[in-house]
2 protein chains.
Amino acid sequence: MKNSTQKTRSVTVSDVAREAKVSKATAARVLGGYGVVSDKVRTDVMTAAKTLDYRPNELARSMTTGKSGIIGVVVGDIENPFFSLAVRGITDAARAAGFNVILANSGEQIEVEKAAVRLLISKRVDGLIVTPSESRDVSHLRDINRSGRPLALLDRALPDLDVDTVTVDDLDVAMRATRILVDAGHRHITYVTAVDAEGSEYQDLGQIYTSSVRERIEGFLAVCRDAGIDRPERYVRLGATSPEETRKVATKLLSSLDRPTAILASDSLIALEIFKAIRQHGLRVPEDISLITFHDADWTSVTTPPITVVDQPVYALGKSVAELLIRRLKGEVRAPERLILPTVIIERGSVGPPATATQVSKISG
Amino acid sequence: MKNSTQKTRSVTVSDVAREAKVSKATAARVLGGYGVVSDKVRTDVMTAAKTLDYRPNELARSMTTGKSGIIGVVVGDIENPFFSLAVRGITDAARAAGFNVILANSGEQIEVEKAAVRLLISKRVDGLIVTPSESRDVSHLRDINRSGRPLALLDRALPDLDVDTVTVDDLDVAMRATRILVDAGHRHITYVTAVDAEGSEYQDLGQIYTSSVRERIEGFLAVCRDAGIDRPERYVRLGATSPEETRKVATKLLSSLDRPTAILASDSLIALEIFKAIRQHGLRVPEDISLITFHDADWTSVTTPPITVVDQPVYALGKSVAELLIRRLKGEVRAPERLILPTVIIERGSVGPPATATQVSKISG
DNA sequence: TTATCGAATGAGACCGGTCTCAATCACTAA
DNA sequence: TTAGTGATTGAGACCGGTCTCATTCGATAA
């Protein structure tokens, strides 16, 4: 049984040195695992450390070394299964390379994101992985680079920030997903996404400051136009930023006279609320409404019918971006890399032909 | 535009002091926001800091103060919606009080948990919140106390560690859930939980080192016995530690001749796999098998039928434990508190009467 | 006019490590 | 025998802040 006389001050290198009757420098050498020491001194110091129950102060250590062994991660929403899975990918890669991870949540709010980045930098993390919530304001991300720490971007590219970036093939897969719907005969397809916007009205791509969201909308619109759908922009709905907001959007959509025959949801949280809303409106999937969502969330396979999903390689996304960052942390010098991971669509049972003869509704404007 | 001549070394208090033509001590006073300075000096220093783009080094700061403004959180599995929701509760409470959160994942492995605790202590977090994965080995948790930092326990109590603890009413709610099943006529109810054990065979409570798991099993067994079920211990299944393992357990359970008529799952991840397995075996819920699960995961309301769940106040759990810890961090002195939050059961459509006339299967032993 | 006082500031120790550089030592080669 | 060598060890500066204590200064009181 060890009893600590003073519980306030912790045991330091000097204490151990004194106990082992060597100099502070020598004790530090064996405790820190650097330099050379004789075997006798090593065992002496080690036993002294054990007796005193010495614990290194990582803070002091990383203050002198400038390294902390920590990777800072800022994600939009850790409760979104998409991010929590990506984070596992990051954590696994980090642990394998001997790094630890500090996690911060931005809630997709640029100010919170800035504060988180500031905090992590001031804690002297070795590198950062961020899912930028906006492409308009990247000053804080520039600061990271300026501070000499490597930065890597997850899921969202920033055109004018040339750093390691790993994204998925959003444009292409959005096109493929939309085409599935078009091929099934749908001509009134609504795309619902989470971008914060006034009134959930979509005007043009200029409003969209997140690359992944933008690419998906582009892909969606391209295929719609290609299918001869007139002004598909009217069918893009923004503002599904929370379950409550999504419910509002969904309700408005489903109770409208001009109800879409198919919906494409930009993440599983949105899809879930839409699915619930469809049920509540007494509608059936896919007989009344077809549904496809991004992210193969666990629930999508247990509904009746199971949902057709865009299955992004989320774990790999996290793992790759972490590996890219770690390679740089280990001293690798190279031009920033932009990885785009291929994405697969899992067709299940939520897509069918449109309920009635397709009416290409026209609204004069 | 600011251009940094040397990007390696960062701007320090001394640099600002020199620029403002005051002493380091004075500059530190205004930059650190302590002590007294004249208004003129304050503005001088502030402008100098702005010109140089000074950023405080939190590491150095917390080395001297001993405080970091960080709460360390160690959870079992951040991908489990239960934990990610609890973490949101913690984060919200922390942010409101001006604290930041560092998250670490233990994967329910005691060694990883120990390493995480060690890391967080060495990073000098102000306090810790832990969901202990084992009650057998709590030496590392004792160490936290010894290091003078407050510790609070989340979701799992430790009998011989007297610290702030917030749990839910596991025993009682397990009894209520089991009673719902018993009242529906079930006499062959299986309880599936995630404890790591050889062979997934349950012998006795001595095997169970997690208080919440233990209480639930106790509650389950008590009600079963009360209902005249003979040796209900045989119906407890351990080892559902991952989707794969759960699938094995479920398959074995469902393909056995002596198939249970109802299943109680200890978390939503387990329930999901069981639900999938039930489907794959061509069985129906609740006609062939009734199902209740702990945690009101989002998917439980969209299945057909929706699942009856034990709805723990998860967010409140996280929020309360963080608040308890923060009060202590702010200097409040009081005896450790043990909060037990009440839990509610949401009855949906996954419970019905047992399929056939109940056969109380007897195995001579 | 001079002693007293409080506010503002400066000098320097300190936190707990790392790391450079010089000193010491045993031992080998000339 | 003695200079030369490499391996160990010790002394002390340093990282970037905080904080104690002494000093300076102007203003007020005696």
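Per chain, numbering begins at 1; letters A, B, ... match sequence-line order.
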- Item | Interface residues of residues 36-48 of chain A with DNA chain D (non-hydrogen, below 4.0 angstrom) | A:V36, A:V37, A:S38, A:V41

- Task: Considering only NZ, NE, NH1 and NH2 on the basic side and carboxylate oxygens on the acidic side, decide whether B:D53 and B:R55 come within less than 4.0 Å.
- Result: yes

- Query: So where does chain A start and stop touching DNA chain D, 5' to 3', when the test is distance under 4.0 Å to a non-hydrogen atom?
  - Reply: D:dT8 to D:dG16

- Check for a donor-acceptor pair, side chain of B:R61 on one end and backbone N or O of B:P56 on the other, with a separation under 3.5 Å. no

- 5'-to-3' dot-bracket of DNA chain D (Watson-Crick, G-U; under 3.5 angstrom; crossing pairs as [ ]; | other strand): ||||||||||||||||||||||||||||||

- Query: With distance as the sole test, does A:D155 use its side chain to make a donor-acceptor pair with the main-chain N or O of A:T167 at under 3.5 Å?
  - Reply: no

- Message: Pick the closest DNA chain D nucleotide for A:T26 and for B:V11 by heavy atoms, then say which residue is nearer the 5' end.
- Response: A:T26

- Task: With DNA chain C as reference, determine whether A:R61 or B:A27 sits nearer its 5' end, using the nearest nucleotide of each.
- Result: B:A27

- Query: Checking A:S211 side chain against A:A157 main chain: does a donor-acceptor pair fall under 3.5 Å?
  - Reply: yes

- Message: Under the rule for side chain to side chain donor-acceptor pair (under 3.5 Å), what residues qualify as partners of A:R95, not counting sequence neighbours?
- Response: none

- Query: Taking all non-hydrogen atoms of both residues, which atom of A:A94 and which atom of A:I71 are closest, and how far apart?
  - Reply: CB-CD1, 4.3 Å

- Message: Within residues 63-70 of chain B, which residues have any heavy atom lying less than 4.0 Å from an atom of DNA chain C?
- Response: B:M63, B:T64

- Find which nucleotide of DNA chain C each of B:S23 and B:R124 is nearest to by heavy atoms, and output the residue with the more 5' nucleotide. B:S23

- Rounding to a whole Å, what distance do you find between B:K24:NZ and C:dA11:P? 12 Å

- Item | salt_bridge(A:R334, A:D164) N-O dist < 4.0 Å | yes

- Task: Please name all residues satisfying side chain to side chain donor-acceptor pair (under 3.5 Å) with B:D77, sequence neighbours left out, ordered by chain then number.
- Result: none

- Item | Charged N-O contact under 4.0 Å between A:R156 and A:E108 | yes

- Whether A:D126 side chain and A:K67 backbone form a donor-acceptor pair below 3.5 Å: no

- Message: Treating B:S122 as the side-chain partner and B:L120 as the backbone partner, does any N or O pair qualify as donor plus acceptor under 3.5 Å?
- Response: no

- Query: Are B:D162 and B:R338 within salt-bridge range, i.e. N to O under 4.0 Å?
  - Reply: yes

- Counting N and O atoms only, with roles assigned by atom type, does the side chain of A:S14 sit under 3.5 Å from a partner on the main chain of A:K24, one being a donor and the other an acceptor? no

